[in-house]
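All remarks here apply to the structure that follows.
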Protein chains: 2
Amino acid sequence: MVDIFRHFAKYADVTHRPPKPAQFKSQAAVFKALAHPGRLLMVHELSHGERCVCELAALVGSEMSTVSKHLSQLKQAGIVDDEKRGAQVFYRLKTPCVMNFFQCVTSVRTEVAKEESAAWQ
Amino acid sequence: MVDIFRHFAKYADVTHRPPKPAQFKSQAAVFKALAHPGRLLMVHELSHGERCVCELAALVGSEMSTVSKHLSQLKQAGIVDDEKRGAQVFYRLKTPCVMNFFQCVTSVRTEVAKEESAAWQ
DNA sequence: TAGGTATTTGGCTAAATCGCCAAGGGTTGC
DNA sequence: GCAACCCTTGGCGATTTAGCCAAATACCTA
């Protein structure tokens, strides 16, 4: 039987934490916030600069209340930050490194698409 | 009124595609596959090398049927690949660049934790 | 103060997800 | 063959998520 904990035990030694995956739950929350086409579109748009809620609502074509909840999720995950100026609330990317994901994800998807098209041959 | 499509129109010009967010749906599927603590733990483990299903099931402490479905999701998203050898099925990371996510996500979470601890002062 | 705009929150229903159990298929070894 | 093991699939109830509407809140202007 292989010792499946050998790598994880090494990790636990470094962090001085029990091998319980609490940090994975926290990290999963970030990915969960990005796991929605509309929210992904908003993040992409925010990479060009800050936007108010009404602009993003028009972009994704949903109710403003829906968009507001999506932005709340992104804020909760630590991906965006908001600032109220007058009657409007402007959102901006908090951690631009999130945009680095897109290149990798795109490569993943193009690889998948390549295989799917090959399956039709 | 601000022209909310100015940036998106530019993007559409480059890609020669309509501004419909079909690619965002595809990308969201990748993030959705990573949006689970158990799957994240498995991906992390697979970054050290290939593992069979029973090893991963013991690692996350779930039924093998549950783990098998999780791995199926990761495979569907193009993140992992599988190979059957004898009675066992080994999974491995297909796109190691996925691991680049973790550093950024960790920075996001530590930033959030910093703010949360500051809120207790 | 009243009215219009911008945003958030609550509530509701439909849909998706999760994890378990049971059942089935494939492989190894006796 | 057949028993044991590895893995996948189907199905089920419980939980979560999505998106709309309505209501509440905050701000600006007249």
Side-chain angles (χ1 to χ4, degrees), chain A residues 1-2 4 20-22 24-43 45-46 50-77 79-92, chain B residues 1-4 20-21 24-43 45-46 50-77 79-92:
Chain A
M1 182 60 179
V2 180
I4 57 173
K20 288 294 176 187
F24 288 106
K25 187 176 178 183
S26 176
Q27 292 188 348
V30 177
F31 287 114
K32 190 178 295 184
L34 294 170
H36 187 281
R39 291 197 290 269
L40 226 42
L41 175 55
M42 288 190 270
V43 168
E45 176 69 16
L46 290 177
E50 64 176 18
R51 299 284 186 274
C52 69
V53 180
C54 62
E55 286 177 310
L56 296 171
L59 177 65
V60 304
S62 300
E63 289 292 319
M64 195 149 43
S65 63
T66 300
V67 171
S68 176
K69 285 178 182 174
H70 281 164
L71 290 168
S72 175
Q73 287 182 256
L74 290 170
K75 183 184 173 186
Q76 178 91 11
I79 297 170
V80 303
D81 221 344
D82 61 344
E83 182 188 354
K84 183 162 190 172
R85 290 202 300 271
Q88 305 182 58
V89 177
F90 289 89
Y91 283 83
R92 70 174 69 92
Chain B
M1 183 58 177
V2 180
D3 177 14
I4 57 173
K20 287 295 175 184
F24 289 105
K25 188 176 178 182
S26 176
Q27 292 188 347
V30 178
F31 288 113
K32 191 178 296 185
L34 294 171
H36 187 281
R39 291 196 291 268
L40 227 42
L41 175 54
M42 288 191 271
V43 169
E45 178 68 16
L46 290 177
E50 67 177 16
R51 299 283 187 274
C52 69
V53 181
C54 61
E55 286 177 310
L56 295 171
L59 177 64
V60 304
S62 299
E63 289 291 319
M64 194 151 43
S65 62
T66 300
V67 170
S68 177
K69 285 179 181 174
H70 282 164
L71 290 167
S72 176
Q73 287 183 256
L74 290 170
K75 183 185 175 185
Q76 176 89 13
I79 297 171
V80 303
D81 221 345
D82 62 343
E83 181 188 353
K84 181 162 187 171
R85 292 204 297 273
Q88 303 181 57
V89 178
F90 288 90
Y91 283 85
R92 69 174 69 92

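These numbers come from the heavy atoms of this one structure, side chains and all, not from hydrogens, waters or symmetry mates. In this text the structure is predicted, and so the values were computed from the model without any measurement. Residue numbers begin at 1 in each chain, while the letters A, B, ... track the order of the sequences.
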Can you pull every protein N or O that's under 3.5 Å from an N or O on nucleotides 21-24 of chain D?
residue, atom, partner, partner atom, Å
D:dC21, OP2, A:Glu63, OE2, 3.3
D:dC21, N4, A:Ser65, OG, 3.1

In whole angstroms, the gap separating P of D:dT8 from CG of B:Leu71 amounts to 7 Å
Which sits closer to the 5' end of DNA chain D, A:Gln73 or B:Met64, going by the nucleotide each is nearest to?
B:Met64
Going by heavy atoms in the side chains, are A:Val67 and A:Leu59 under 4.5 Å from each other?
no
Whole angstroms only, please: what is the CZ-P distance between B:Phe90 and D:dC6?
11 Å
Identify the 5'-most and 3'-most nucleotides of DNA chain C with at least one atom closer than 4.0 Å to a non-hydrogen atom of chain A.
C:dA6 to C:dG11
Does a side-chain N or O of A:His36 approach OP1 or OP2 of D:dG19 to a distance below 4.0 Å, or not?
yes
Check A:Tyr91 against A:Val80 and note the closest heavy-atom contact, atom names and distance.
CD2-CG2, 3.8 Å
Distance col, row B:Leu34:CG vs A:Phe24:CZ, nearest 0.5 angstrom, shows 12.0 Å
Grab the NZ-P distance between A:Lys32 and D:dT15 for me, whole Å please.
15 Å
Residue set satisfying side-chain contact (heavy atoms from CB on, under 4.5 Å) with B:Ala29, at least two apart, ordered chain then number -> none
Can you give me the closest heavy-atom contact between A:Cys52 and A:Phe90, atom names plus distance?
N-CD2, 3.7 Å
Generate the contact string for nucleotides 25-30 of chain D. Rules: B means base contact, S means sugar-phosphate contact only, - means no protein heavy atom under 4.0 Å.
-SSS--
Among D:dC20, D:dT17, D:dA18, which nucleotide has an atom closest to any side-chain atom of A:Ser62?
D:dC20
Taking all atoms of both residues into account, what is the closest heavy-atom pair of A:Ala33 and A:Ile79, and its distance?
CB-CD1, 3.9 Å
Could you report the tightest heavy-atom contact between A:Met42 and A:Leu71, atom names first, then the distance?
SD-CD2, 4.0 Å
Under the salt bridge (charged side-chain N to carboxylate O under 4.0 Å, His left out) rule, what pairs show up with a residue in residues 56-76 of chain A, not counting sequence neighbours?
A:Lys75-A:Asp82
For A:Phe31 and D:dT17, give me the distance from atom CZ to atom P, rounded to whole Å.
17 Å
The criterion is side-chain contact (heavy atoms from CB on, under 4.5 Å); which residues satisfy it with B:Gln73, sequence neighbours excluded?
B:Arg39, B:His70
